[in-house]
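Side chains are part of it too, since the values below use all heavy atoms of this structure and drop only hydrogens, waters and symmetry mates.
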Amino acid sequence: MKKLVTMAFVCSSLVYMHDAFASQTSNNQNSDDINEKFIQLQVEQNVTIGRAIKIIVGHYPQQAASIIDTALDLYPSQYKEIIHAAISAQPTLTEEVVTMAIKKGISSCTSIVETAINADPSYIDFVVKAAAHSTPEQLSEIVRIAVITEPDSADYIVQSLAKAHPNKIVDILQSAISAVPFVGEYVVEALLAVFPNDAEEVVTTAIRESSTQREFVKRIIKTAQNSGVDTDKLETYALKGGATTEELSQVLGNTQ
């Protein structure tokens, strides 16, 4: 019975929303008032804020951003539920939602990034780029939390952010490897594919950051070799980063 009552209310709310949107003017205040009333009506009837967001995004995608903006203002403490619901329902809103939430200062940038990634990992590029654009001073932390949250996408995270912030390659690489050491070879491959002229910086930094995991050091050297880095230069870069002559011999000499 309770479910039927809830469904009936949701349907009546959608009718109300449709009529309100159909008659609203171009006045922003009028639009905000309509958004607030719609959200508050649903919450008062025990429809969760997440459910309310999913309903409006699903039925009125053209009004979704406005509704999410209002919801974050009305219920800032429930930002995780709002962000998760919005992105799950309409992934194409990811970048806009992340930017919106960060600018409102409702929580830490890293918490917003983690929430957005968990909502839809396939849009991780949009999440990290939006976050880094909004708070470039937190780039290292954005990389760290993104790689920890979705380590399988570390190469895409690093490559995407390096393209957007090419002067921060070292910082990005350090943050990624220090957060999840085993991703070293993958992020090196991703960076060398886009920045072959920065091989010295990439290889040296990656090996230095992997110094406590010697097997990872050898994998990075092999990855750099497979990526086309000149052998003589690779030896110089690797030694500069802290690799040993024995490790170089094992990898480049193809001995174990």
Side-chain angles (χ1 to χ4, degrees), residues 87 94-95 98-99 102 107-229 233-234 237-243 247 251:
I87 294 176
T94 298
E95 192 167 358
V98 170
T99 300
I102 290 174
S107 184
S108 67
C109 176
T110 52
S111 180
I112 292 169
V113 167
E114 182 181 12
T115 301
I117 292 173
N118 284 329
D120 194 330
S122 65
Y123 276 71
I124 195 166
D125 283 5
F126 294 92
V127 174
V128 296
K129 284 192 290 188
H133 179 74
S134 298
T135 54
E137 72 280 2
Q138 294 190 48
L139 179 61
S140 294
E141 275 299 290
I142 291 168
V143 174
R144 183 188 66 80
I145 194 65
V147 172
I148 289 174
T149 305
E150 191 66 21
D152 289 345
S153 298
D155 48 350
Y156 297 110
I157 294 167
V158 168
Q159 190 179 76
S160 177
L161 288 176
K163 286 180 180 178
H165 305 272
N167 60 327
K168 296 290 186 179
I169 289 178
V170 170
D171 293 340
I172 292 169
L173 194 52
Q174 288 175 332
S175 298
I177 296 177
S178 63
V180 184
F182 76 80
V183 305
E185 62 183 298
Y186 307 112
V187 297
V188 165
E189 182 179 20
L191 287 177
L192 290 177
V194 181
F195 301 100
N197 294 331
D198 293 315
E200 180 176 2
E201 205 170 42
V202 171
V203 173
T204 300
T205 301
I207 290 176
R208 185 180 297 120
E209 291 301 314
S210 302
S211 60
T212 60
Q213 303 280 351
R214 304 316 299 181
E215 185 58 36
F216 294 161
V217 167
K218 290 190 285 186
R219 290 180 185 176
I220 288 169
I221 295 171
K222 186 63 177 178
T223 296
Q225 181 187 42
N226 292 340
S227 296
V229 179
K233 290 182 178 179
L234 177 54
Y237 303 159
L239 290 171
K240 183 179 177 181
E247 287 167 337
V251 178

Can you check side-chain contact (heavy atoms from CB on, under 4.5 Å) on D155 and Q159, steps first, answer last?
CA-CA 6 Å; D155 48 350; Q159 190 179 76; 6.0 Å; no
Where is the tightest heavy-atom contact between A243 and V217, given as atom of each residue plus distance?
CB-CG1, 4.1 Å
Short question: side chain of S211, backbone of R208 - any donor-acceptor pair under 3.5 Å?
yes
According to side-chain contact (heavy atoms from CB on, under 4.5 Å), who are the partners of D120, at least two apart in sequence or on a separate chain?
I87, P91, S122, Y123
Atom of H165, atom of I172 and distance for their closest heavy-atom approach
O-CD1, 4.2 Å
I need the single residue from V98, I145, L139, I142 that forms a side chain to side chain contact (heavy atoms under 4.5 Å, CB included) with C109. Which is it?
I142
Rounded to the nearest 0.5 Å, how far apart are NZ of K168 and CD of Q174?
11.0 Å
Check whether any side-chain heavy atom of V251 lies under 4.5 Å from a side-chain heavy atom of E247, and answer yes or no.
no
Are any side-chain N or O atoms of S210 and backbone N or O atoms of I207, one a donor and one an acceptor, separated by less than 3.5 Å?
no
Do you know which two heavy atoms are closest between A206 and L173, and how far apart they sit?
N-CD2, 3.9 Å
Please give me the minimum heavy-atom distance between V128 and A146, naming the atom from each residue.
CG1-CB, 3.6 Å
Quick check for you: to the nearest 0.5 Å, what is the distance between Q138 atom CD and I102 atom CD1?
8.0 Å
Residue pair R214 / G242: nearest heavy atoms and the distance that separates them:
NH2-O, 3.2 Å
Of all heavy-atom pairs between V229 and Y237, which one has the smallest distance, and what is that distance?
CG1-CE1, 4.1 Å
In Å, rounded to the nearest 0.5 Å, how long is the span from CD1 of I220 to CD of E215?
10.5 Å
Taking the side chain as C-beta and beyond, is there a heavy-atom pair between Q225 and L234 under 4.5 Å?
yes
With rounding to the nearest 0.5 angstrom, report the CG to CD1 distance, L161 to I169.
11.5 Å
If you round to the nearest 0.5 Å, how far is CD of E201 from NZ of K240?
9.0 Å
Show me the donor-acceptor pairs, under 3.5 Å and distance only, between side chains in residues 181-196 and residues at least two apart or in other chains.
none

Under a 4.0 Å N-O cut-off, is there an ion pair linking K129 with E95?
no
Nearest 0.5 Å, please: how far is CD1 in I117 from CD1 in I112?
12.0 Å
